[in-house]
There are 2 protein chains.
Amino acid sequence: MRIILSYLKFNVSLNQQNNQFMFSKACEYGLKASIFIASNSYDGERVSLKEIAKEINSPEAFTAKILQDLVRHKIINSVKGAYGGFEIPKNEISSIKLSQIVNAIDGDSIYRGCGLGLHVCDENHPCPVHDQFKDIRMQLKDMLQNTNLEQLALDIKSGASFLKL
Amino acid sequence: MRIILSYLKFNVSLNQQNNQFMFSKACEYGLKASIFIASNSYDGERVSLKEIAKEINSPEAFTAKILQDLVRHKIINSVKGAYGGFEIPKNEISSIKLSQIVNAIDGDSIYRGCGLGLHVCDENHPCPVHDQFKDIRMQLKDMLQNTNLEQLALDIKSGASFLKL
DNA sequence: TACAAATAGGATAATTTTATCCGAATAAAC
DNA sequence: GTTTATTCGGATAAAATTATCCTATTTGTA
Ligand code: FES
Ligand code: FES
């Protein structure tokens with residue numbers, strides 16, 4: 001029996017396998033929600049928490065927290081009460097950058113943090129992978145700072161990209 | 001009093017601010033430990049858990065788990081008992097890539113995962129940031145697959161790079 | 001053989017992230 | 001004004017990650 005059981009023990013990893021690519025789940029939901037809100041605000045439509053959670057396939061209550069966070073950071077607007085919901089002023093859609101959303105939810109460690117977790121990333125006291133990481137981090141930073149919600153919202157509207165599955 | 005307290009409530013974020021750049025803490029420790037082991041194995045020196053944890057400034061018992069994981073993945077060797085410790089066969093140091101370590105600890109989501117957490121990253125069913133992420137992920141992948149422990153270990157030995165602080 | 005110095009590994013605790021629940025506040029419609 | 005639909009926010013729970021403790025096992029040395 002001991003022998004049989006040992007065969008079943010194939011998952012020898014410490015954790016159950018980091019499933020996160022770059023951002024926290026909260027941040028992923030925040031990004032997707034923002035894109036969905038933008039795509040609707042583009043048509044002058046306000047969307048409710050329920051619609052958002054359904055569209056981006058996220059847990060409703062958790063998504064609510066994240067949206068509140070974005071509202072507090074003045075990235076999106078909320079309207080309480082019947083017929084309320086979330087929206088982004090049409091003329092602001094194209095000026096909201098992904099970096100603002102990431103920053104609000106995950107903070108700025110993605111822009112400034114050391115790839116190996118040293119307390120600070122410093123040219124004069126680099127970690128072993130500093131040079132290799134610097135470029136990638138910079139590219140990521142540029143991308144986030146130069147991608148705005150309008151471009152992404154249009155792709156969703158046209159069916160060129162998707163928010164779930 | 002209400003008013004004074006409200007001023008103290010400056011941290012309006014959901015979480016206490018994601019401090020992770022790319023990898024889990026476990027993975028960061030694993031990478032740093034591997035580099036340190038390599039730099040010593042280069043001189044034919046075996047290092048103990050205690051020395052490693054001290055050098056990379058990590059919690060000893062947790063580091064032990066991670067090292068066990070790397071041993072099981074045959075990335076490093078361990079020797080039990082007095083004068084035991086961890087080592088990497090000299091001739092293997094230059095062939096061990098960062099990607100092997102990351103893969104053993106964090107899995108392959110960093111290479112294959114969708115930036116917005118869609119179930120799969122798929123050209124035919126892309127998320128809104130698919131095109132933007134693809135390049136960065138590829139660059140990261142190339143870097144991890146092309147960087148070996150020897151290069152990094154030598155920088156540590158020469159004092160050109162650092163493992164803590 | 002006994003002892004000392006290590007790693008291995010199971011159990012458990014602490015912390016953080018993710019998720020849920022519920023009542024309060026708000027605003028539109030009737 | 002009452003009802004209804006909705007966000008807000010506090011409290012709490014669940015799950016995952018990070019961390020600690022303790023015992024067993026292994027191996028070199030006296
Ligand atoms: S010091 Fe580690 S990335 Fe710069
Ligand atoms: S589908 Fe999201 S990165 Fe490819």
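Only this structure's heavy atoms are used, side chains among them; waters, hydrogens and symmetry mates stay out. Proteins get letters first, then strands, A, B, ... in listed order; numbering begins at 1 in each.
To the nearest angstrom, P of C/dA27 lies 14 Å from CG of A/N77. To the nearest angstrom, P of D/dC8 lies 8 Å from CG of A/L67. In this structure, A/I105 places its CD1 atom 10 Å from P of C/dT18, rounding to the nearest Å. When rounded to the nearest whole Å, the span between CD1 of A/I76 and C1' of D/dC8 equals 13 Å. A straight line from CD of A/E28 to P of C/dT17 spans 14 Å, rounded to a whole angstrom. As rounded to whole Å, 16 Å separates atom C1' of C/dA11 from atom CZ of B/F62. Following rounding to the nearest Å, B/F23 (CZ) and D/dT17 (C1') show an atom-to-atom distance of 17 Å. Protein atom CG of B/D69 is 13 Å distant from nucleotide atom P of D/dT17, rounded to whole Å.
Put simply, the side chain of B/S95 does not reach to within 4.5 Å of the side chain of B/E150, judged on heavy atoms. Contact check for A/I110 versus A/N103: no side-chain heavy atoms found under the 4.5 Å cut-off. Residues B/L98 and B/L149 form a side-chain contact, since some pair of their non-hydrogen atoms from C-beta on lies under 4.5 Å apart.
Sparse packing is recorded around NZ of B/K54, with 12 or fewer heavy atoms of other residues, nucleotides or ligands lying under 6.0 Å away.
Checked against D/dC8, C/dT18, C/dA8, the side chain of B/Q68 finds its nearest nucleotide in C/dA8. The side chain of B/K80 lies closest to C/dA8, out of C/dA8, C/dA19, C/dA27. In this structure, the nucleotide among D/dT27, D/dT18, C/dT20 sitting nearest to the side chain of B/A82 is D/dT27. Nearest nucleotide to the A/F86 side chain, out of D/dT18, D/dC8, C/dT18: D/dC8.
A donor-acceptor contact under 3.5 Å links the side chain of B/K65 to the base of C/dG10.
Between B/S78 and C/dA8 there is a side-chain polar atom (N or O) within less than 4.0 angstrom of OP1 or OP2. The side chain of A/Y29 contributes no N or O atom lying less than 4.0 Å from OP1 or OP2 of C/dT18. At C/dA8, none of the side-chain N or O atoms of B/R72 fall inside 4.0 Å of OP1 or OP2 (strictly under the cut-off).
The pair A/E55-A/K32 does not meet the salt-bridge criterion, since no charged nitrogen lies less than 4.0 angstrom from a carboxylate oxygen.
For DNA chain D, the neighbouring residues in residues 45-57 of chain A, judged by any heavy atom under 4.0 Å, are A/S48, A/L49.
Ring geometry for B/Y29 versus B/F62: interplanar angle over 60°, hence perpendicular rather than tilted (30 to 60°).
Here A/Y83 lies in heavy-atom contact (under 4.0 Å) with sugar-phosphate atoms only. Within 4.0 Å (heavy atoms only), A/A26 reaches sugar-phosphate atoms of the nucleic acid but no base atom.
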List the steps and the verdict of ring pair (Phe, Tyr, Trp, His ring centres under 6.0 Å) for B/Y111 and B/F133.
CA-CA 11 Å; B/Y111 307 111; B/F133 266 91; over 10 Å; no
As a quick check of understanding, evaluate side-chain hydrogen bond (donor to acceptor under 3.5 Å, both in side chains) for B/D142 and B/Q145, giving each step before the final call.
CA-CA 5 Å; B/D142 282 354; B/Q145 291 181 335; over 6 Å; no
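For the pair B/V71 and A/E60, nearest-nucleotide mapping onto DNA chain C gives the more 5' position to B/V71.
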